[in-house]
Amino acid sequence: KKFGETWRLDDQEVILYAHICLLECPKHAKDVPETLRLISLMTQQARNQGKDLITMAEMDISSGERIQEVDRIVKHALENKLLEVYYQPIYTPDKNAYISAEALLRLHDPQKGFISPAEFIPIAEHNGMIIRIGQFVLNEVCKMLKETEALNYGIEYVEVNLSIVECIQSDLAENVIRTLERHHILPKKINLEITETAESLSGMIHENIARLSEAGFSFSLDDFGTGYSNLMRTFELPISIIKLDKSLIAPATKSARAYNALGDIVRMNKEMGYECVVEGVETTEESIMVQQMGCEHIQGFFYAKPMTKREFLQFLNEKNTAYTNGKGR
């Protein structure tokens, strides 16, 4: 109970977290090394599930071992430069061109193969490695913009995700600004994505957003429609783009109610002055539907899959012909 309360140290308020792991010896562990291994697994699972107390009866040992394995893989990838940034082009119908792209992280381990971001990103957020990962992604995007012809090929900005953990770091704004200055990239060339969950936080995240916005960065709200948004709080943030979650799209082609709901969401955001990016478009029917609704930007496998830097530049060279032929610069 005490750990659930705020502690005061001089003029600072501190929240401490504790997880109680209940296991029996020698029933569950016969020696100290095995006991410590189980405690480590139990603590990880308790943290992931938001539990204060966890027992062996609740444990999924294989899942816990997988988490630890992925944890080791991510650390190894960071130390040995095995992470790679992919780019998914985003289509803008009004310009009949791809003027933006989302930077996406990929991890291919030499022994275990492809590790999904959906699996390793939450683990990296829990153990703090997401901060180094975020710095790596931003640095790679800046290098790409500086060292390639992407800007001359029509790219106006690249979307870079910010995790919740990054958003609450007191030095976030300073680090982001310094990275762009080092590569001589203007802030308007980077759009920073925050999730609906992140925007519901207060305090440091709002300070960071305000400072970065003043420096010239634009922001988008990702995963809109997944159930977290406080609309009034969202409207107070300096967000220019709303990204509609892919879970809204497919149902709208099958249900009149879902179709009307999606149309209302698009219309509301446009009336509030936001641009809409619709994610997860995979069919001709979905593409036609969202264009008729007036979505400014479309992202999904129907138009382009995530691709390596080399593939991305080749894609722009072939698709953005108005720019590559010198007409759109």
Side-chain angles (χ1 to χ4, degrees), residues 83-92 94-95 97-106 117 121 130 133-163 166-167 172-173 175-195 198 208-209 212-213 215-223 238-244 274-281 295-301 303-320 322-324 328-329:
L83 293 171
E84 186 175 3
V85 175
Y86 276 47
Y87 299 88
Q88 185 171 24
I90 300 174
Y91 181 66
T92 300
D94 284 351
K95 295 189 176 182
Y98 297 83
I99 66 169
S100 62
E102 181 176 1
L104 299 166
L105 194 62
R106 293 294 181 263
I121 290 297
I130 194 65
I133 289 174
Q135 292 172 341
F136 167 79
V137 172
L138 181 61
N139 190 64
E140 289 296 301
V141 170
C142 289
K143 284 172 57 179
M144 184 277 293
L145 292 175
K146 179 182 179 181
E147 298 172 1
T148 73
E149 290 292 306
L151 296 176
N152 289 332
Y153 288 172
I155 288 296
E156 297 180 4
Y157 61 88
V158 175
E159 297 179 349
V160 176
N161 291 276
L162 289 179
S163 74
E166 291 177 276
C167 287
L172 171 69
N175 288 337
V176 169
I177 292 170
R178 189 189 305 121
T179 298
L180 266 70
E181 288 177 343
R182 186 167 65 249
H183 293 283
H184 305 289
I185 299 297
L186 296 176
K188 66 179 181 180
K189 300 302 180 182
I190 302 293
N191 176 272
L192 299 170
E193 286 191 18
I194 61 173
T195 65
N208 281 326
I209 290 176
L212 288 167
S213 180
F217 291 88
S218 62
F219 284 85
S220 60
L221 182 64
D222 199 13
D223 300 333
I239 290 171
S240 57
I241 297 174
I242 299 292
K243 301 196 73 173
L244 305 183
Y274 300 124
E275 294 182 25
C276 286
V277 177
V278 58
E279 298 179 291
V281 172
C295 292
E296 288 88 352
H297 312 284
I298 310 174
Q299 182 175 356
F301 277 27
Y303 287 94
K305 63 178 178 61
M307 53 191 73
T308 65
K309 178 173 68 174
R310 181 177 179 181
E311 293 170 335
F312 175 57
L313 295 168
Q314 182 63 34
F315 179 90
L316 295 176
N317 187 41
E318 295 174 357
K319 299 294 183 179
N320 282 358
Y323 294 89
T324 54
R329 297 186 185 183

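Values reported hereafter were calculated over all heavy atoms of this structure, with side chains retained and with hydrogens, waters and symmetry mates removed.
Atom CG of N317 sits about 8.5 Å away from atom CG of L313, to the nearest 0.5 Å. To the nearest 0.5 angstrom, L316 atom CG is 10.0 Å from L151 atom CG. Here CD1 of I130 is found 4.5 Å from OG of S163. Values are rounded to the nearest 0.5 Å. Put simply, NZ on K189 and CG on L186 are 6.5 Å apart, with the number rounded to the nearest 0.5 Å. Expressed to the nearest 0.5 Å, how far CD of Q135 lies from CG of L172 amounts to 9.5 Å.
Smallest separation of non-hydrogen atoms from Y323 and A97: CE1-CB, 3.9 Å. Of all heavy-atom pairs spanning L180 and C142, the tightest one is CD1-SG, 3.6 Å.
Residues Y86 and L105 form no side-chain contact, since every pair of their non-hydrogen atoms from C-beta on lies 4.5 Å or further apart. Inter-residue side-chain proximity for Y98 and I90 is flagged as unmet; no heavy-atom pair is nearer than 4.5 Å. No side-chain heavy atom of V277 sits less than 4.5 Å from a side-chain heavy atom of I298. Using a 4.5 Å heavy-atom threshold, the side chains of M144 and V85 count as separate. Under the 4.5 Å side-chain criterion, counting only non-hydrogen atoms from C-beta, S240 is not in contact with F219. Residues Q299 and S100 have side chains not in contact (no heavy-atom distance under 4.5 Å, counting atoms from C-beta outward). Contact check for L138 versus V176: side-chain heavy atoms found under the 4.5 Å cut-off. Between P238 and F217 there is no side-chain heavy-atom pair separated by less than 4.5 Å.
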Exercise for review: Could you walk me through whether I209 and I194 pass the side-chain contact (heavy atoms from CB on, under 4.5 Å) test, one step at a time?
Suggested key: CA-CA 10 Å; I209 290 176; I194 61 173; 3.8 Å; yes
**Study point:** Criterion side-chain contact (heavy atoms from CB on, under 4.5 Å) on T148 and F312, from CA distance to verdict
**Key:** CA-CA 11 Å; T148 73; F312 175 57; over 6 Å; no
Practice item. Apply side-chain contact (heavy atoms from CB on, under 4.5 Å) to the pair L192 and L212, showing each step before the final yes or no. Key: CA-CA 9 Å; L192 299 170; L212 288 167; 3.8 Å; yes
Practice item. Determine, step by step, whether K243 and E193 satisfy the salt bridge (charged side-chain N to carboxylate O under 4.0 Å, His left out) criterion, reporting the C-alpha distance in whole Å, the side-chain angles of both residues, the deciding distance to 0.1 Å, and the verdict. Key: CA-CA 9 Å; K243 301 196 73 173; E193 286 191 18; 2.9 Å; yes
Exercise for review: Using the ring pair (Phe, Tyr, Trp, His ring centres under 6.0 Å) rule, take F315 and Y87 through it: C-alpha gap first, then chi angles, then the decisive distance, then the call.
Suggested key: CA-CA 11 Å; F315 179 90; Y87 299 88; over 10 Å; no
Exercise for review: Starting from the C-alpha separation in whole Å, work towards a yes-or-no answer on side-chain contact (heavy atoms from CB on, under 4.5 Å) for V158 and N191.
Suggested key: CA-CA 6 Å; V158 175; N191 176 272; over 6 Å; no
Practice item. List the steps, then state whether salt bridge (charged side-chain N to carboxylate O under 4.0 Å, His left out) holds for E84 with R106. Key: CA-CA 5 Å; E84 186 175 3; R106 293 294 181 263; over 6 Å; no
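Relative ring orientation between Y91 and Y303 is described as parallel, the plane-to-plane angle staying below 30° on a 0-90° scale split at 30° and 60°.
No side-chain N or O of N161 forms a donor-acceptor pair with one of E166 less than 3.5 Å apart.
Residues passing the side-chain contact (heavy atoms from CB on, under 4.5 Å) test with E275 are I241, E296, H297, sequence neighbours excluded.
When each of L145, V141, N139 is tested with H183 by the rule side-chain contact (heavy atoms from CB on, under 4.5 Å), just one qualifies, namely N139.
Using a 4.0 Å cut-off between charged nitrogen and carboxylate oxygen, K143 and E140 count as a salt-bridge pair.
Within 6.0 Å of NZ on K188 lie no more than 12 heavy atoms contributed by other residues, nucleotides or ligands. Within 6.0 Å of NZ in K319 there are 12 or fewer heavy atoms belonging to other residues, nucleotides or ligands.
Of the possible donor and acceptor atoms, one in the side chain of N320 sits under 3.5 Å from a partner among the backbone N and O of Y153. Using modelled atom types, no side-chain atom of T92 and backbone atom of K95 make a donor-acceptor pair closer than 3.5 Å. The closest donor-acceptor contact from the side chain of Q88 to the backbone of A101 lies at 3.5 Å or more, if one exists at all. Between the side chain of N208 and the backbone N or O of C167 there is at least one donor-acceptor pair closer than 3.5 Å.
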